[in-house]
Amino acid sequence: MSDDNKQDENTLIAERRRKLAALREHGNAFPNDFRRNSLADELQQSYGKHEDEHLREEDVQVKVSGRMMVKRVMGKASFIKLQDRTGQIQLRLERDRLPEGVYQSFKKWDIGDIVGATGSLFKTQTGELTIMATEVRLLTKSLRPLPEKFHGLQDQETRYRRRYVDLIMNEESRSVFRKRSEIIAYIRSFLDSQDYLEVETPMMQTTPGGALARPFKTHHNALDMDLFLRVAPELNLKRLTVGGFERVYEINRNFRNEGVSTRHNPEFTMLELYRAYADYEDLIVMVEALLKGLSQSLLGDPVVTYQGESYDFSKPFDRLTVEDAILKFNPKIDRTKIRDRDYLARVATELGVKVDDSSGSGKLQIEIFDQTGEAELRQPTFVTQYPTEVSPLSRRNDHDPFVTDRFELFIGGREIANGFSELNDPEDQEERFREQAANKAAGDDEAMFFDADYIRALEYGLPPTAGLGVGIDRLVMLITNSPSIRDVLLFPHMRPEIFE
RNA sequence: GGGGCGUUAGCUCAGUGGUAGAGCAUUCGGCUUUUAACCGACUGGUCGAAGGUUCAAAUCCUUCACGCCCCA
């Protein structure tokens, strides 16, 4: 026994340890020679509708295994239920149909133990498909009691910290993570069918880039150098576009050294894709098609219901420029002064936003929008024309260089996606990096680093390209109707548990 | 960082100043078609931690830890 788990030892665990010790005395307590030939749900599908009489005539012999979730002992006969990855199946154990002594041993087994069994199918009086066991074996002794059978595991903290227990007990939780996997599989097939190439680029970078965010820092001992965990794969993916991979994507983790909340985890999963010879309008069309297909495929309906609100993904989404959004949610703002720095600074201050001396009118516009507009955008809405000042990697609009050809998609008051026509003018990019580096030097932790190699790559020529990022966790929240990002992360970030 | 709520048996939860409780689980006994099986008996607690108020604290106060929600 380690010191770590001594703390929560109790009489229930001690009892099970005694049972395990007894098992060890009678041979291998952890055998690995049982092989099943059937899964619970496959049996339900194949035989669930058969009559009892018919099943007995057929004499269907099956071998199953799983975790014992139900145990009802009635003297010389018992019912148990085993849970495997597909579901549950009931077994009937009768003393006189099992080898000598097996039934007596079984009575000592506990809910939570891993069991293998052989037998033939029949149906009980109430019509439940059941296996009449002729052999049962304890395959793994479980030392820790499971939560109470009816309420399951309710405690949020324990559900996150001991996800394995949550998964054993809560089908809804298992379902969320199966759906998460299906969502990602759908996105891959959607992109693969359009000839996108999936790639992997470094998590550890000497120069972090691709987003305005504070990075995590780490250190490589052998090389004695600091490294950063990536905040985005963007610059590497565009290097690949320069290299001729005209359609690339990556679904992987980003790391941002910021607060934790219902919508933020320090590491989160992002889809980023780049498509040469396309612009942000093409991406808007693509995002609409992706979400519609995803919803239809996963939910069987293009309408997603999230926390009591409905979003119809079969219709084109609303569109609004940043400036129109600001005016819509702040009717008192003077339209003619929407790019007036001093005016915006006053408005921002009135809204309680801390105004930085270095913030220009573009940055102030975004802060006002974040403060007043974002949460109000419930129905799917593309907000477009982001200020150049806050979009250092986006292509300027041909008619209005104050803004870029960029959008963000909001659903339910949350940012789900971000896309733009890429800035492929190396001299403009160099200028923007200089501004970012100056902001960083002035104390802005979220400003970008100057990435000289990225400029060099652009100097070889990045074709006209559009790029998109989609927050996978938030998308999974929407599709699975989960209120917190922690509900869609198997192991959400938590402060360490104290083992005394 | 600020505010609100929470932390009691392995689990789910009662208990707002006067002897720590229930159901499930465990243990023992009974029961050969159960469905949160049932019947009987028993067991199980540093009431998140530390300090304080009080004759007396799970309960009131302070600080801290962890979690949840909202705000920044």
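So that the names make sense, note that chain A is the first sequence line, chain B the second, and so on, each numbered from 1. All values reported here derive from a predicted model rather than from experimental measurement.
- Side-chain to base pairing of Q90(A) with U34(B): one donor and one acceptor N or O lie within less than 3.5 Å of each other.
- What separates CZ of R92(A) from P of A37(B) is a distance of 16 Å, to the nearest Å.
- K141(A) places no side-chain N or O within 3.5 Å of a backbone atom of K19(A) that could act as its donor or acceptor partner.
- Atom CZ in R72(A) sits about 21 Å away from atom P in G30(B), given to the nearest Å.
- A close approach under 4.0 Å does not occur between any side-chain nitrogen or oxygen of T124(A) and OP1 or OP2 of U35(B).
- Contact check, R495(A) against G67(B): a side-chain N or O comes under 4.0 Å of OP1 or OP2.
- Residue contacts shown for K354(A) are absent, as no nucleic acid heavy atom lies under 4.0 Å away.
- Using a 3.5 Å distance cut-off with no hydrogens or angles, the side chains of Q379(A) and D318(A) do not pair a donor with an acceptor.
- Between the CH2 atom of W109(A) and the P atom of U27(B) there is a distance of 15 Å, given to the nearest Å.
- Here the nucleotide nearest the side chain of K19(A), chosen from A36(B), U27(B), C28(B), is U27(B).
- Of the candidates A36(B), U27(B), G44(B), A36(B) carries the atom nearest the E148(A) side chain, counting heavy atoms from C-beta on.
- Which of U26(B), G10(B), U12(B) sits closest to the side chain of N10(A) comes down to G10(B).
- With rounding to whole Å, I13(A) atom CD1 is found 9 Å from G10(B) atom P.
- When the P atom is used for both A9(B) and G15(B), the distance is 15 Å, rounded to whole Å.
- Taking the C1' atom of each, A37(B) and A25(B) are spaced 15 Å apart, rounded to whole Å.
- At the phosphate of C66(B), neither OP1 nor OP2 sits under 4.0 Å from any side-chain N or O atom of Q156(A).
- Judged by Watson-Crick or G-U wobble contacts below 3.5 Å, the nucleotide A65(B) has U7(B) as its partner.
- Across all strands shown, nothing is found opposite U32(B) as a Watson-Crick or G-U wobble partner with both distances under 3.5 Å.
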Can you check side-chain hydrogen bond (donor to acceptor under 3.5 Å, both in side chains) on N265(A) and E267(A), steps first, answer last? CA-CA 5 Å; N265(A) 197 67; E267(A) 50 180 304; 5.4 Å; no

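- The nearest whole Å value for the distance from the CD1 atom in I80(A) to the C1' atom in A37(B) is 15 Å.
- Partner H54(A) forms a side-chain hydrogen bond (donor to acceptor under 3.5 Å, both in side chains) with one of E51(A), E57(A), E58(A), R56(A) and no other, that one being E58(A).
- When the side-chain nitrogen and oxygen atoms of R486(A) are compared with OP1 and OP2 of C68(B), one or more of them lie within a distance under 4.0 Å.
- Using modelled atom types and a 3.5 Å distance limit, the side chains of S78(A) and Y103(A) yield a donor-acceptor pair.
- Using Watson-Crick or G-U wobble geometry with both donor-acceptor distances under 3.5 Å, U12(B) finds its partner in A22(B).
- What separates CD of E497(A) from C1' of A49(B) is a distance of 16 Å, to the nearest Å.
- When atom types are taken as modelled, the side chain of R230(A) and the backbone of N254(A) share no donor-acceptor pair closer than 3.5 angstrom.
- Set against U26(B), C70(B), G44(B), the side chain of E15(A) has U26(B) as its closest nucleotide.
- M494(A) comes within contact range of the sugar-phosphate backbone alone, with a heavy-atom separation under 4.0 Å but no base atom that close.
- Taking side-chain N and O atoms only, K149(A) has no distance below 4.0 Å to OP1 or OP2 of G10(B).
- Using atom P as the reference point in both C69(B) and U26(B), the two lie 33 Å apart (nearest Å).
- Atom P of C61(B) sits at a distance of 14 Å from the matching atom of U16(B), rounded to the whole Å.
- The same atom, P, is picked in A56(B) and in G6(B); the two are 27 Å apart, to the nearest Å.
- Of the C1' atoms belonging to C31(B) and G18(B), the separation is 45 Å, rounded to the nearest Å.
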